[in-house]
Amino acid sequence: MRALRATNRAALSRRTTRGTKARGHAGPAQAKARAMAVDETVQNPLLQRGKFPAFDQVKAEHVVPGIRNLLQELGKDLEELEKNADASWDSLVVPLERITDRLGRAWGTVSHLKSVKDTEELRNAVEEVQPEQVAFGLRLSQSKPLYEAFCKIRDDKWSELNEAQRRIVETEIRDATLGGVGLEGDAKVRFNEIQQELSKLSTDFSNNVLDSTKAWKKLIKDQSEIKGLPPSALGLLSQQAAREGHEGATPESGPWLITLDAPSYIPIMQYCENRSLREEIYKAYITRASKGSSDNTPLIERILELRLEKAKLLGYQNFAEMSMARKMATLESAEKLLGELREASYDAAVKDLEEVKDLARRKEAPEGVDFKHWDGLFWAEKLREERFQFSEEELRPYFSLPRVLDGLFGLVEKIFGVQVSAADGLAPVWDQDVRFFCIKDKTGNPVSYFYLDPYSRPSEKRGGAWMDEVVGRSKVFADNGEAARLPIAHMVCNQTPPVGEDPSLMTFREVETLFHEFGHALQHMLTRVDEGFVSGIRGVEWDAVELPSQFMENWCYHRNTLMGMAKHYKTGETLPEDLYQKLLAARTFRAGTMTLRQLHFACTDLELHARYVPGKGKSVFDVEREVAKSTTVMPPLPEDRFLCGFAHIFAGGYSAGYYSYKWAEVLSADAFSAFEDAGLDDDQAVVQTGQRFRDTVLAMGGSRPPLEVFVNFRGREPSTEALLRHNGLISAAN
């Protein structure tokens with residue numbers, strides 16, 4: 001799964017920046033205390049205010065004293081702001097942004113390191129100080145002086161505000177309302193208790209998924225047990241074995257260590273002829289975090305119970321309804337879209353299943369008689385090879401990470417008019433494999449920076465792929481002579497690492513994932529909005545954030561883009577034309593299955609958050625199985641505990657929002673169709689359309705409602721036609 005990890009200012013509370021206000025004269029004891037606090041700020045790398053975070057220096061022992069010191073300092077700033085805030089931009093929004101940016105930067109560093117460099121010590125530090133961070137966020141979102149000042153700006157100063165400022169005022173008022181500013185007495189106390197508990201449950205859920213994924217390992221010593229695995233997988237598994245202490249492990253003679261991390265798990269399911277091994281690994285994967293001390297089942301029930309209670313405290317019927325208050329869609333319109341897509345994809349998914357079963361029968365394999373869940377990927381790959389005369393493994397040598405990055409950066413230079421340059425060494429990094437880059441405009445001036453952490457590290461790094469901000473563009477923090485502070489992002493993937501002397505040889509899906517995350521990063525980095533609260537990805541409704549990311553995936557199939565990066569890592573030979581044509585032909589292979597899979601996740605999410613009531617007889621797994629009756633063509637196994645690993649909705653930002661992938665895919669497919677209409681082979685037309693995309697979708701950030709931004713680019717409201725056409729489902733819909 002891929003995900004954007006954008007900051008939710010209402011929940012975290014808000015992201016933050018520099019500077020504390022001057023204090024009055026203090027006595028000797030106070031002066032000494034402040035001197036110690038200043039020394040802590042200087043000595044603690046977490047609190048350093050350089051251009052780039054000290055990722056290489058921040059350790060677990062810095063977290064508790066650093067965050068506590070910062071919260072104490074920011075608490076005083078907030079008190080002063082509440083005393084002096086009036087209905088003017090400079091006295092309200094600017095100091096508020098300074099508070100939130102500084103907290104966001106420090107806590108964002110901690111959260112990021114926990115995701116990519118997890119240790120027991122760091123977990124303990126986060127667990128100790130997180131309640132204090134959450135409490136400060138609640139204090140911010142429930143500040144009546146700030147809320148009243150924003151309302152007064154809306155009522156008295158509206159005509160003086162520009163478009164971005166109006167969005168900020170509207171968003172702050174909405175988020176304060178959803179953050180409990182209107183609650184009093186016991187209701188407010190209970191709301192805050194719920195927020196604290198939900199924060200801890202989310203962290204515990206994520207920890208359990210990582211721990212259970214790390215805990216499962218299987219050492220193979222007999223190569224016959226993994227017959228069918230390609231050389232790339234054998235190399236990776238032997239390298240994993242060597243790192244775990246099995247010296248002398250080689251791709252040819254082993255031993256080979258299998259884990260549940262995607263680069264290990266997927267090749268087993270796709271290529272391994274040992275059906276019993278596929279079954280063992282499949283069942284281990286679908287039962288992650290569902291047993292023993294890492295069991296997420298009670299956490300799920302409690303999370304759903306608390307979310308429902310929270311929604312009702314705010315006057316909503318259910319959590320989904322409350323969640324939609326921050327989104328483009330309503331519950332009704334989201335479920336309507338999912339229903340339309342199900343109608344278009346279900347029969348195609350049934351056909352997909354029958355085709356792989358038929359192939360197994362023709363090969364007289366046992367699966368032809370008794371087809372199981374762990375047979376799906378294996379026989380789908382066999383069918384791909386038979387139908388299109390190529391395997392995914394044949395593509396790997398043509399997609400080395402350095403070549404793919406060259407192609408990706410060349411594409412954005414062409415269509416968006418920016419240059420991406422390596423800047424390794426300019427900023428501290430958290431791992432030796434992390435890269436650092438600078439994006440420059442046509443004149444060579446920097447406009448943004450980003451980190452790339454590409455490889456899987458199952459012992460310390462959570463799974464999936466995501467993008468998040470380090471800092472956002474903002475005029476409040478502009479250096480001397482600059483219009484605004486430049487945005488910085490990080491992109492995190494879990495792709496196949498280099499094996500031996502070879503570079504990372506990527507699957508085509510990993511290529512698409514890299515393009516996807518870079519799309520998120522581009523929206524953050526190419527923003528032209530100088531108001532920090534709505535620049536880049538900030539302030540963009542959650543169900544619109546996937547537009548630029550999914551838009552970028554389409555370019556992976558564009559001839560000039562693909563041929564420009566698909567070079568054999570040893571010979572430099574370009575991907576053969578016949579292989580490119582086969583790749584294009586296979587683009588919609590099993591599109592019905594893949595669409596229905598996403599719909600199952602989205603529908604389950606909405607059902608749990610809109611209609612499920614914990615403790616009323618049914619379990620969450622009962623709910624998922626009921627949803628599966630209309631969203632799967634093979635019912636889940638009785639022991640399936642996929643929900644225990646569904647971090648998107650229980651430990652991420654997609655609760656009652658997983659439908660966003662499909663909602664935004666409508667937007668992204670329609671956006672790409674503008675390039676198709678202009679002519680993908682017409683370079684001038686592509687550049688002109690790309691500039692329009694940059695000037696709207698990428699530049700405007702959250703300064704305008706996303707539908708308005710889309711119409712600014714496309715000239716009309718979105719249509720599902722392009723999405724169905726790109727997935728080969730248009731005839732089914734008609």
* To do: Only counting residues at least two apart or in another chain, list the ones meeting ring pair (Phe, Tyr, Trp, His ring centres under 6.0 Å) with Phe508.
  => Phe399, Tyr557
* To do: In plain terms, say whether Lys351 and Asp347 are close enough for a salt bridge, that is, a side-chain N and a carboxylate O under 4.0 Å apart.
  => no
* Aromatic plane relationship, Tyr654 with His648 - under 30° parallel, 30 to 60° tilted, over 60° perpendicular -> tilted
* **Sole candidate of Met525, His516, His520 that passes side chain to side chain contact (heavy atoms under 4.5 Å, CB included) when paired with Met467** => His520
* Measure the shortest side-chain to side-chain distance between Tyr569 and Pro402 over non-hydrogen atoms and say whether it is less than 4.5 angstrom. => no
* Is there a donor-acceptor pair closer than 3.5 Å between any side-chain N or O of Thr507 and the backbone N or O of Glu510? -> yes
* To do: May I have the step-by-step check of side chain to side chain donor-acceptor pair (under 3.5 Å) for Tyr659 and Asp543, ending in yes or no?
  => CA-CA 8 Å; Tyr659 76 91; Asp543 42 9; 2.6 Å; yes
* To do: Decide, yes or no, whether a salt bridge links Arg362 with Glu386 under the criterion of side-chain N to carboxylate O below 4.0 Å.
  => yes
* To do: Give a yes or no on whether the backbone of Gly657 and the side-chain of Ser660 come within a donor-acceptor separation of less than 3.5 Å.
  => yes
* Apply side chain to side chain donor-acceptor pair (under 3.5 Å) to the pair Arg714 and Ser673, showing each step before the final yes or no. => CA-CA 9 Å; Arg714 199 68 176 95; Ser673 72; 2.8 Å; yes
* **Nearest heavy atoms of Pro267 and Ala262, plus distance in Å** => CD-O, 3.8 Å
* To do: For Lys567, enumerate each residue passing the salt bridge (charged side-chain N to carboxylate O under 4.0 Å, His left out) test, keeping only those at least two apart in sequence or located in another chain.
  => none
* To do: Mind checking the OH-NE2 spacing from Tyr451 to His490? Nearest 0.5 Å is all I need.
  => 8.5 Å
* Taking every non-hydrogen atom, the tightest pair across Glu393 and Tyr271 -> N-OH, 3.3 Å
* Run the side chain to side chain donor-acceptor pair (under 3.5 Å) check on Glu546 and Ser549 step by step: do they pass? -> CA-CA 5 Å; Glu546 299 293 339; Ser549 56; 2.9 Å; yes
* **Flag, side chain of Glu394 to backbone of Ser391, donor-acceptor distance under 3.5 Å** => yes
* Structure fact -> For Leu505 and Ser400, the nearest pair of non-hydrogen atoms, with its separation, is CD2-CB, 3.9 Å
* Does a side-chain N-to-carboxylate-O contact under 4.0 Å join Lys461 and Asp431? -> no
* **Test: Asp683 and Lys414 ion pair at under 4.0 Å** => yes
* Asked: Looking at side-chain heavy atoms only, is the closest gap between Lys372 and Arg275 below 4.5 Å?
  -> yes
* Asked: When the aromatic ring centroids of Tyr285 and Trp216 are compared, is their separation below 6.0 Å?
  -> no
* To do: Could you tell me whether a side-chain N or O of Gln550 sits under 3.5 Å from a main-chain N or O of Ala669, the two making a donor and an acceptor?
  => no
* Asked: Do Leu723 and Leu341 come within less than 4.5 Å of each other through their side chains, counting heavy atoms only?
  -> yes
* Going by heavy atoms in the side chains, are Thr720 and Leu337 under 4.5 Å from each other? -> yes
* Test ring pair (Phe, Tyr, Trp, His ring centres under 6.0 Å) applied to Phe437 - qualifying residues, sequence neighbours left out -> Phe409, Phe450
* Which is it for Ser504 and Gln495 under the side chain to side chain donor-acceptor pair (under 3.5 Å) test, yes or no, and what are the steps along the way? -> CA-CA 8 Å; Ser504 172; Gln495 70 186 53; 3.1 Å; yes
* Fit a plane to each ring of Phe551 and Phe675, take the angle between them on a 0 to 90° scale, and name the class: parallel (under 30°), tilted (30 to 60°) or perpendicular (over 60°). => tilted
* Can Tyr658 and His600 be said to form a side chain to side chain contact (heavy atoms under 4.5 Å, CB included), step by step? -> CA-CA 10 Å; Tyr658 198 88; His600 175 68; over 6 Å; no
* Asked: Hey, does the side chain of Arg457 reach the backbone of Val116 with a donor-acceptor pair shorter than 3.5 angstrom?
  -> yes
* Quick one: does Glu244's side chain have a donor or acceptor within less than 3.5 Å of a partner on Leu257's backbone? -> no
* Asked: How about Arg509 and Ile266: do any of their side-chain heavy atoms sit closer than 4.5 Å?
  -> no
* For Ala241, does its backbone N or O pair with a side-chain atom of Trp256 as donor and acceptor, under 3.5 Å? -> no
* Pairing of Glu676 and Arg725 as salt bridge, 4.0 angstrom limit -> yes
* List the steps, then state whether side chain to side chain contact (heavy atoms under 4.5 Å, CB included) holds for Leu260 with Ile281. => CA-CA 8 Å; Leu260 296 181; Ile281 295 172; 4.0 Å; yes
* Structure fact -> Between the CG atom in Leu547 and the CZ atom in Phe693, the distance rounded to the nearest 0.5 Å is 5.5 Å
* What are the two closest non-hydrogen atoms of Ala365 and Trp379, and how far apart are they? -> CB-CZ2, 3.5 Å
* To do: Would you sort out whether Arg692 and Asp695 count as a side chain to side chain contact (heavy atoms under 4.5 Å, CB included), showing the intermediate values?
  => CA-CA 5 Å; Arg692 196 167 74 247; Asp695 291 343; 5.6 Å; no
* Audit row: Ile286, Arg641, side chain to side chain contact (heavy atoms under 4.5 Å, CB included) steps and yes/no -> CA-CA 6 Å; Ile286 64 169; Arg641 293 296 181 267; over 6 Å; no
* Asked: Are Glu413 and Lys440 close enough for a salt bridge, meaning some N to O gap below 4.0 Å?
  -> no
* Give a yes or no on whether the backbone of Ser459 and the side-chain of Lys214 come within a donor-acceptor separation of less than 3.5 Å. => yes
* Charged N-O contact under 4.0 Å between Arg559 and Glu577 -> yes
* Do Leu526 and Val412 come within less than 4.5 Å of each other through their side chains, counting heavy atoms only? -> no
* **From CG (Asp468) to CD (Glu517), nearest 0.5 Å** => 10.5 Å
* Structure fact -> Value for CD (Gln581) from CG (Leu575), rounded to nearest 0.5 Å, stands at 10.0 Å
* Structure fact -> Smallest heavy-atom separation, Cys272 atom then Arg278 atom, equals O-NH1, 2.8 Å
* **Separation between CG of Asp453 and CG of Asp433, rounded to the nearest 0.5 Å** => 7.5 Å
* So, does Asp670 use its side chain to make a donor-acceptor pair with the main chain of Ser719 at under 3.5 Å? -> yes
* Near Asp222 CG, under 6.0 Å, is it more than 12 heavy atoms from other residues, nucleotides or ligands? -> yes
* Is the NZ or CZ atom of Arg342 both under 6.0 Å from the centre of the six-membered ring of Tyr346 and within 45° of that ring's axis? -> yes
* Quick one: CE on Met634 to NE2 on His373, what's the gap to the nearest 0.5 Å? -> 4.5 Å
* Asked: Can you name the nearest heavy-atom pair linking His524 to Ala489, along with the distance?
  -> CD2-CB, 3.9 Å
* Asked: Are any of the side-chain nitrogens in Glu340 or Lys336 under 4.0 Å away from the carboxylate oxygens of its partner?
  -> yes
* Considering only NZ, NE, NH1 and NH2 on the basic side and carboxylate oxygens on the acidic side, decide whether Glu279 and Lys283 come within less than 4.0 Å. => yes
